[in-house]
Chemist: 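First the structure, then my questions, so here it is.
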Amino acid sequence: MPIIVSQKNLPKKSIMTGKVTHENHLLPLIWMGAIRSTTAFPFEHPLELVKLTCQATPTTPTFQVVKNIFKNEGMLGFSKTILTNFPRRVLKEAVRWPVIGYTHQQITKLFPNTFPAEGTASKLFTGASVALFDSAIILPLEQLMAFKVKERKKYPDFFKNKLSTDRAPSLYRGLKINLIRQSVLWCTLMGINNECKKCFDLLDSEKAHPFLRQGITSIFISLGLISWCLPIDFIKTRIQMDKSLSCSKLTSVTKTLLRQHGFKGFYAGALPVFIHTIFHATIIGYFLDKIYTSSNS
C-alpha cells in the first residue's frame, strides 16, 4: 500500500515541479485532482450538458441545442444537472490521479522490462486501470445525469423509481459499453499523449515549452477520441437514457440506433466534445507529466 503522509512532511515542490526525491504520495494527488476539477467545472459542465442533450436528440444541430437551452431557460439552463455532475467530477478527479500515480509507480517497479517508465505500454496499462475504476465508482453518478437530461424530472423521482422498481443494479446500466468506452478513451489518451510528446521532444529536447507541447498533443487526442470514442459514448448514453435498450445485446443496440439515427447520429455532440477534450487533455497531460516525474523519482 502507498504511504500517506501529512502535508507538512511533503516536499514543497513535489506536485508543482515534479521534483521529488521519494515515493509518490496520494494526498497531494487527491488535492490536485479536486482543485483542478473545481476550477475547471464552470467551463466543462455546460459543454457536457450540451453533448448529452445532442445525444438525446441526435437530429438537432449543436448550435440549435445551445439556442434552445438559452431560449427556454436562459443562462441558468446551462447549470442543469449541476447537483449530480459536480460531485461526480470532483470524486472522479480526486481519485483518478492517485489511481494513475500508484498504478504507474507499481508496474514500472515490479515489471521494469515489460513496462518501462517512459514506455507507452505502461501508459496503456495505467489507462486500463482508470477504466476499471470509472466503471465501478463513477458510472452510477453518470446515470443520474443522463436521467436528468432525458426525463427532466426531480432527483427524488429517480431514486424512488430505482428503489421501488429497478433496484440498485440499474445504476450500472450500460456497464459493458462504459468499460469499453473508458478503456478506449484512456488507452487512446495515454498512448497518443506519450507518443506525440516523444516526437515533440525531438524538436524541444529541453522541454522548454510544456504547454505548447501539450496543446499540440491535445489536438491529436481530440481528433482520435471523436473518431472512435464518441460513437461508443453515444451508445452508452442512449442505453442509460432508454431502459429498453439496456435489455438488448450491444450489437442489437448498435443496429437499432443506426437504423433510427443513421451513421451521423453516432457523432452527435462532436463540437462540444472537441472543445472540451482540447481543454481537458491539455491540463490533464500537463498534470500527467508531473505525476509520472514524481512516481519515477
Side-chain angles (χ1 to χ4, degrees), residues 1-7 9-41 43-45 48 85-110 115 117-120 122-139 141-142 178 181-183 185-194 197 210-211 213-214 217-218 221 225 276-297:
M1 294 295 291
I3 301 174
I4 302 178
V5 299
S6 63
Q7 187 70 31
N9 292 328
L10 291 173
K12 294 182 179 180
K13 296 184 179 181
S14 61
I15 292 302
M16 297 308 296
T17 68
K19 297 178 181 179
V20 294
T21 57
H22 54 274
E23 290 190 355
N24 195 22
H25 300 287
L26 293 183
L27 187 58
L29 293 178
I30 292 173
W31 277 109
M32 180 178 70
I35 293 173
R36 195 219 72 84
S37 179
T38 302
T39 54
F41 184 76
F43 174 80
E44 293 181 333
H45 176 73
E48 285 192 84
N85 200 25
F86 183 72
R88 176 182 75 89
R89 292 207 64 84
V90 172
L91 176 62
K92 180 190 293 187
E93 297 285 343
V95 183
R96 174 189 288 161
W97 301 123
V99 170
I100 292 174
Y102 182 68
T103 301
H104 187 264
Q105 182 188 71
Q106 295 304 310
I107 63 170
T108 55
K109 285 185 176 181
L110 295 175
F115 300 106
E118 297 299 326
T120 300
S122 63
K123 308 301 188 293
L124 295 178
F125 187 93
T126 302
S129 70
V130 177
L132 291 172
F133 155 74
D134 186 277
S135 297
I137 306 298
I138 303 301
L139 184 61
L141 293 174
E142 289 188 341
N178 185 70
R181 173 187 178 270
Q182 291 298 326
S183 297
L185 187 155
W186 279 98
C187 288
T188 296
L189 190 153
M190 296 288 192
I192 294 179
N193 193 61
N194 200 54
K197 286 183 176 181
F211 279 108
R213 176 178 182 243
Q214 188 56 43
T217 299
S218 298
I221 291 174
L225 293 186
H276 184 199
T277 303
I278 286 183
F279 174 78
H280 197 63
T282 299
I283 298 178
I284 280 182
Y286 185 74
F287 282 138
L288 284 177
D289 282 349
K290 305 309 174 188
I291 291 175
Y292 293 145
T293 300
S294 61
S295 65
N296 293 335
S297 300

Chemist: Within the 4.5 Å heavy-atom criterion, are Ser129 and Thr126 side-chain neighbours or not?
Modeler: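 Sidechains of Thr126 and Ser129: in contact.
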
Chemist: When rounded to the nearest 0.5 angstrom, what distance separates CD1 in Ile107 from CZ in Phe115?
Modeler: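 Here the rounded value is 5.5 Å.
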
Chemist: Which pair of heavy atoms, one from Leu124 and one from Cys187, lies closest together, and at what distance?
Modeler: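 Heavy atoms only, the tightest pair is CD2-O, 3.2 Å.
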
Chemist: Taking atom types as modelled, find out whether Asn193 and Thr217 have a side-chain donor-acceptor pair closer than 3.5 angstrom.
Modeler: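 Absent: no donor and acceptor within the cut-off.
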
Chemist: Can you list the residues that meet the side chain to side chain donor-acceptor pair (under 3.5 Å) rule with Thr188, with sequence neighbours excluded?
Modeler: Trp228

Chemist: Starting at CZ of Phe133, measure out to CD1 of Ile100 and round the result to the nearest 0.5 Å.
Modeler: 9.5 Å

Chemist: Looking at residues at least two apart in the chain, or sitting in another chain, which of them share a ring pair (Phe, Tyr, Trp, His ring centres under 6.0 Å) with Phe41?
Modeler: His45, Phe86

Chemist: Can you check whether Lys123's main-chain N or O pairs, donor with acceptor, with His104's side chain at less than 3.5 Å?
Modeler: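 Here the side-chain-to-backbone pair does not exist.
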
Chemist: Working to the nearest 0.5 angstrom, can you tell me the gap between Thr277 OG1 and Leu225 CG?
Modeler: 5.5 Å

Chemist: For Ser135, check side chain to side chain donor-acceptor pair (under 3.5 Å) against everything at least two apart and list the hits.
Modeler: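 For Ser135, the residues satisfying side chain to side chain donor-acceptor pair (under 3.5 Å) (neighbours in sequence not counted) are Asn178.
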
Chemist: Do you know which two heavy atoms are closest between Ile221 and Leu189, and how far apart they sit?
Modeler: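 Taking every non-hydrogen atom into account, CD1-O, 4.0 Å.
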
Chemist: Counting N and O atoms only, with roles assigned by atom type, does the side chain of Lys197 sit under 3.5 Å from a partner on the main chain of Ile192, one being a donor and the other an acceptor?
Modeler: no

Chemist: Counting C-beta onward and ignoring hydrogens, is there a side-chain heavy-atom pair between Ile138 and Gln182 closer than 4.5 Å?
Modeler: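 No, too far: nothing below the 4.5 Å cut-off.
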
Chemist: Please check: side-chain N/O of Ser122 versus main-chain N/O of Gly119, any donor-acceptor pairing under 3.5 Å?
Modeler: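 Side chain of Ser122 to backbone of Gly119: a pair is present.
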
Chemist: Has Phe125 got more than 12 heavy atoms of other residues, nucleotides or ligands less than 6.0 Å from its CZ?
Modeler: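 Counting neighbours around CZ of Phe125, 12 or fewer heavy atoms of other residues, nucleotides or ligands fall under 6.0 Å, so no.
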
